[in-house]
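To start, the structure itself, in structure tokens.
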2 protein chains.
Amino acid sequence: MAHLTSAEAADLLERFRHYLREHRLPVTQQRDLIAHAIFTAPDHLTAAAVHQRLSGQGKRIGIATVYRTLKLLKECGLAFERHFGDGVSRYEVAWADEHHDHLICVECEKIIEFEDEGIEELQHKVAARKGFKLVRHKLELYGVCKDCQERS
Amino acid sequence: MAHLTSAEAADLLERFRHYLREHRLPVTQQRDLIAHAIFTAPDHLTAAAVHQRLSGQGKRIGIATVYRTLKLLKECGLAFERHFGDGVSRYEVAWADEHHDHLICVECEKIIEFEDEGIEELQHKVAARKGFKLVRHKLELYGVCKDCQERS
DNA sequence: TTAGGTGCAAACGTTTTGCAACTTG
DNA sequence: CAAGTTGCAAAACGTTTGCACCTAA
């Protein structure tokens, strides 16, 4: 689950502000709002979804600013950009201690997160065997979820 | 290695033609050329790369036709479409008996293919645990290759 | 002959960029 | 005040589509 408590979200927001100050970049209302949206989202948001969500709250923010801020969040390591093959980028909070991969239903598009120690260990072994120093990985399992199996 | 012998490439081309005839679709020069380009490529090609490669050979083929044919190759299972997170689709021959994942160097962008039985087995276990019937997966390991490690 | 493919150019949806006006520090 | 951000609209990007013409069977 990528859903953070509001205390955790607040902590991440503070870390983002700290990163900005450290780099002598202004902490603006827009940056706060966008970062907050990502930190409190229960799922993976597209830039358009972030924009809509803020518009719905009466905030007038340009889509360009959303992209610019998402890039900052990526750079400082507080958010990840994901691609699930439909040509749209999705963003999610990078929850420090948690590493998870994705299990995606090919019928209803539901996305479930999981972690597996064993797989991670084998990944490191494979990389080592090829002389690579592993820095990150992406694993997506596509299948039919229980609900969709029953439905058919 | 995704590099096929010319006999293997010829065999795949014949399979493609067979698929087309079976579906009462014409076997055109363009389709032959594009399929051949994919089957003989040593690496993952973008649509633009296929187009360039053919243009370089003096063939005047529209980029739209390249996309249309790549879609056909995907549909008949002879090519896979891959996404490595830079917003561009890459295509590679689907070598029937081989299943491989990718190891990508984050510095020189070199792409190495690998297979690992152990990882695949664990993937099936994870999916089963969550009630999913696994149909396919995507695993990409990003790291620094031996050459780039030495270079720095 | 005719179904369907082709190239072109225009349309598309997502992401980026140039710029004048505006905030932040 | 100066540096850097913002919103807008326009551009850029990869990809798809509409259409008149052409090719395979």
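What you see below is based on every heavy atom in this structure, not just the backbone, and it leaves out hydrogens, waters and symmetry mates. On a predicted model such as this, the values are computed, not experimentally measured, just so you know. Just so we're on the same page: letters track the sequence lines, and every chain starts at 1.
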### Task
For DNA chain D, find the residues of residues 56-67 of chain B with a heavy-atom distance under 4.0 Å and give them by number; none if there aren't any.
B/Ala64, B/Tyr67
### Message
Could you work out, with side-chain hydrogen bond (donor to acceptor under 3.5 Å, both in side chains) as the rule, every residue matching A/His137, not counting sequence neighbours?
### Response
A/His99, A/Asp101, A/Gln123
### With A/Lys110 via side-chain hydrogen bond (donor to acceptor under 3.5 Å, both in side chains) - residues at least two apart
A/Asp147
### Query
Where does the chain B footprint on DNA chain D start and end, counting 5' to 3' with a 4.0 Å heavy-atom cut-off?
D/dG14 to D/dA25
### Query
What are the two closest non-hydrogen atoms of A/Cys105 and A/Cys145, and how far apart are they?
SG-N, 3.4 Å
### Query
Heavy atom of residues 19-37 of chain A under 4.0 Å from DNA chain D: which residues?
A/Leu25, A/Pro26, A/Thr28, A/Gln30, A/Arg31
### Message
Other members of the hydrophobic cluster containing B/Val126, with the 4.5 Å side-chain heavy-atom rule, please.
### Response
A/Leu103, A/Ile112, A/Phe114, A/Ile119, A/Leu122, A/Val126, A/Phe132, A/Leu134, A/Leu139, A/Leu141, B/Leu103, B/Ile112, B/Phe114, B/Ile119, B/Leu122, B/Phe132, B/Leu134, B/Leu139, B/Leu141
Counting only pairs under 3.5 Å, give me each side-chain donor-acceptor contact of residues 47-59 of chain A, with atom names and distances, residues two or more places apart or in other chains.
residue	atom	partner	partner atom	Å
A/His51	NE2	A/Ile61	O	2.6
A/Ser55	OG	A/His51	O	2.9

#### Entry: Atom-to-atom span, CG of B/Asp86 to P of C/dT14 - whole angstrom
18 Å
### Task
Report yes or no: does B/Gln149 contribute a side-chain atom to a donor-acceptor pair with the main-chain N or O of A/Gly131 at less than 3.5 Å?
yes
### Message
Using the side-chain contact (heavy atoms from CB on, under 4.5 Å) definition, which of the options A/Leu12, A/Val93, A/Ile38, A/Leu13 pairs with A/Leu78?
### Response
A/Leu12
### Message
Once side-chain hydrogen bond (donor to acceptor under 3.5 Å, both in side chains) is applied, do any residues pair with A/Arg90, and if so which ones, sequence neighbours excluded?
### Response
A/Asp86
#### Entry: Residue met sooner reading DNA chain D from 5', once B/Lys71 and B/Gly87 are mapped to nucleotides
B/Gly87
Per-pair distances, 0.1 Å, donor-acceptor, side chain in residues 62-75 of chain A, under 3.5 Å, sequence neighbours excluded:
residue	atom	partner	partner atom	Å
A/Thr69	OG1	A/Thr65	O	3.0
A/Lys74	NZ	A/Glu81	OE1	2.4

### Centroid separation A/Phe84 to A/His102 less than 6.0 Å
yes
### Euclidean distance, B/Ser89 OG relative to B/Leu45 CG, rounded to 0.5 Å
12.5 Å
## Note on the structure
When A/Arg68 and B/Leu72 are each assigned the nearest nucleotide of DNA chain C, the 5'-most assignment goes to B/Leu72
### Message
At 10 degrees resolution, what angle do the end axes of the helix from C/dT1-D/dA25 to C/dG25-D/dC1 form when each is taken over five base pairs?
### Response
30°
### Task
Return each pair, listed once, that meets salt bridge (Lys or Arg N to Asp or Glu O under 4.0 Å) where at least one residue sits in residues 27-36 of chain B; pairs must be two or more places apart or across chains.
B/Arg17-B/Asp32
### Task
Using the salt bridge (Lys or Arg N to Asp or Glu O under 4.0 Å) rule, collect all pairs that involve residues 132-141 of chain B, keeping only residues at least two apart or in two chains.
A/Lys138-B/Glu140, A/Glu140-B/Lys138
### Query
With a non-hydrogen cut-off below 4.0 angstrom, is A/Ser89 in contact with a base, only sugar-phosphate, or nothing?
sugar-phosphate
